[in-house]
Amino acid sequence: MFRFAMFAGALSLATMSTLGVAHAQDDREAARVQFEHGVGLYEAHDYEGALAAFQEAYRLAPHPTVRVNMANCYDRLDRPIEAIHHFERFLAESPNAPRAQRREVEAAVTALHARVGEVRLAVAPDGARITIDDNETRRAPVLEPILMTTGEHTVVVAMDGYRTARETITVAGGDSPRVSIRLERGTDEPVVAAVTEPVADPVEPVETTGDPVETDPVDDTGDEATADASYDDTADDGGGFQLRFTEPVIIFGATTAALGVGAIITGALAMSYNSQFEDSVALVASTPPGPERRQARADGQSAADTANALSIVTDVLIIGTIAAAGATAFFVIIDGLRGDDDQEGTAQDGVRLMALPTFDANGGGVA
């Protein structure tokens, strides 16, 4: 146990420097009374009461030395994390404290760290609520290590739209474990679909005369086949979306790919010629008048014209790619939603889908 600092002497010096402030004098006097009361309770092994008295003394007249007394109480109450906090705050707030006292406090901090662990939490996504042992709440991300006493601790991570995660951590003194928790999207109470068992038709009891009656398990009228057919219709009604590579899908899909590749090629060439144009401009700017400068100017003009033409072609190809992709998506959806019966009826009626080129005074297209 540490020797209590001479807090009363420090309060007396502070009081002499503020004789003109009556309220401050009253606070310091009340703080001195609380401090002495805390010392008495500490010596009587009433560490809870001593801690409350020291906290009140610090509230009335904050002084770093009181932190040492509070840390001693926390140490006796087996709360090493709070004790470490107040010891470290004393060291930070009292750089001119006697060397012997600082060495004692530093040794106490080292001993207390052997009773706790520094847990590093890696929690995703950011903004998740982190609750430790039902009383400490933080928000992800947690950048600094968290001090935890030795033993088991429960970490609960929750966030709206995600399943709550619960992790039990075992901490040993002096350890620095790393715990990673990543929430999964969903709800904490997944909906379970009720399964309804088919109810069989009641079977009328058959009176027998004692002689065994032989019956054919399959009706001659073919009812079994009819029942199987109705079961198949219920199991697969042909509805829903199915991906079908029909003729329009293949044509427009291939057109989309071809136009897209063409746009990439012409775009790359346009960028290359534009780079040549910039090089020619730089050469013209750095070359004195003469044949070389005229040639650089001509090369630059030619590269600029080619780049502009390729840019126009690239724009046209991009527009065509978008249009072809839209047509492809249209036919994929239409053909995917159409059932097999619809397609067979279409084939029997002689209706076919074809891609035909069209031309008019304003240009051309595909219908």
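No hydrogens, no waters, no symmetry mates; every other heavy atom, side chains included, goes into these values. By convention here, the first residue in the shown sequence is residue 1.
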Using the side chain to side chain contact (heavy atoms under 4.5 Å, CB included) criterion, which residues pair with Ala50? Sequence neighbours excluded. Leu41, Tyr42, Phe54, Cys73

Let's go through Gln101 and Phe90 carefully: what are the C-alpha distance in whole Å and the side-chain angles of both, what is the deciding distance for side-chain contact (heavy atoms from CB on, under 4.5 Å) to 0.1 Å, and is it a yes or a no? CA-CA 11 Å; Gln101 186 181 22; Phe90 167 77; 3.6 Å; yes

Who are the side chain to side chain contact (heavy atoms under 4.5 Å, CB included) partners of Ser311, not counting sequence neighbours? Ala270

Taking only residues two or more places apart in sequence or in another chain, which ones pass side chain to side chain contact (heavy atoms under 4.5 Å, CB included) with Ser302? Thr306

Side chains of Ile132 and Met148: closer than 4.5 Å at any heavy-atom pair? yes

Do Val156 and Met159 belong to the same hydrophobic cluster, where Ile, Leu, Val, Met, Phe, Trp and Tyr are linked whenever their side-chain heavy atoms lie under 4.5 Å apart, directly or via other members? no

Do you know the tightest heavy-atom contact between Ala172 and Thr150? C-CG2, 3.8 Å

Taking the side chain as every heavy atom from C-beta outward, state whether His85 and Arg67 have any atom pair closer than 4.5 Å. yes

Please answer: with hydrophobic residues joined when any side-chain heavy atoms are less than 4.5 Å apart, are Ile265 and Leu310 in the same cluster? yes

Do the side chains of Ile81 and Ile146 join up, straight or via other hydrophobic residues, at under 4.5 Å, putting them in one cluster? no

Apply side chain to side chain donor-acceptor pair (under 3.5 Å) to Glu152 and list each qualifying residue two or more places apart in sequence or on a separate chain. none

Minimum heavy-atom distance Ala327-Phe252, with the two atoms named: CB-CD2, 3.5 Å

Determine whether Arg76 and Leu51 make a side-chain contact, defined as any pair of heavy atoms from C-beta on separated by less than 4.5 Å. no

Quick check for you: to the nearest 0.5 Å, what is the distance between Asp133 atom CG and Ile169 atom CD1? 9.0 Å

Any idea which heavy atoms bring Thr255 and Ala324 closest together, and the distance? CG2-CB, 4.1 Å

Do the side chains of Glu144 and Arg138 get close enough for a salt bridge, i.e. N-O under 4.0 angstrom? yes

Ignoring hydrogens and geometry, is there a side-chain-to-backbone donor-acceptor pair from Ser94 to Pro64 under 3.5 Å? no

Between the OH atom in Tyr74 and the CG atom in Asn72, the distance rounded to the nearest 0.5 Å is 12.5 Å

So OG1 of Thr131 and CZ of Arg166: to nearest 0.5 Å the spacing works out to 9.0 Å

Under a 4.5 Å side-chain heavy-atom rule over Ile, Leu, Val, Met, Phe, Trp and Tyr, are Val66 and Leu60 clustered together? no

By ring pair (Phe, Tyr, Trp, His ring centres under 6.0 Å), Phe277 pairs with (sequence neighbours left out) none

Can you list the residues that meet the side chain to side chain contact (heavy atoms under 4.5 Å, CB included) rule with Ile322, with sequence neighbours excluded? Ile318

Exercise answer: donor-acceptor pairs, residues 107-119 side-chain atoms, under 3.5 Å, sequence neighbours excluded:
residue : atom : partner : partner atom : Å
Thr110  : OG1  : Glu106  : O            : 3.1
Arg115  : NH1  : Asp75   : OD1          : 2.8
Arg115  : NH2  : Asp78   : OD1          : 2.9

Going hydrophobic residue to hydrophobic residue with side-chain gaps under 4.5 angstrom, can you get from Val261 over to Leu269? yes

Taking all non-hydrogen atoms of both residues, which atom of Ala263 and which atom of Leu317 are closest, and how far apart? N-CD1, 3.5 Å

Show me the side-chain donor-acceptor pairs of residues 120-130 shorter than 3.5 Å, one per line, residues at least two apart or across chains.
none

Output the distance between atom CG (Leu183) and atom OG1 (Thr164), rounded to the nearest 0.5 Å. 7.5 Å

Using side chain to side chain donor-acceptor pair (under 3.5 Å) as the criterion, list what pairs up with Arg178, not counting sequence neighbours. none

Taking side chain to side chain donor-acceptor pair (under 3.5 Å) as the test, write out the residues that go with Tyr47, two or more places apart. His45

For Thr266, side chain to side chain donor-acceptor pair (under 3.5 Å) partners two or more places apart: Thr314

Taking the side chain as every heavy atom from C-beta outward, state whether Val179 and Val155 have any atom pair closer than 4.5 Å. no

Can you tell me how far NE2 of His86 sits from CD of Glu82, rounded to the nearest 0.5 angstrom? 7.5 Å

Would the His63 and Tyr58 ring centres measure less than 6.0 Å apart? no

Which residues pass the ring pair (Phe, Tyr, Trp, His ring centres under 6.0 Å) test with His153, sequence neighbours left out? none

Can you check whether Arg102 reaches Leu91 side chain to side chain, under 4.5 Å on heavy atoms? yes

Can you tell me how far apart CD (Gln34) and CZ (Arg32) are? Round to the nearest 0.5 Å. 11.0 Å

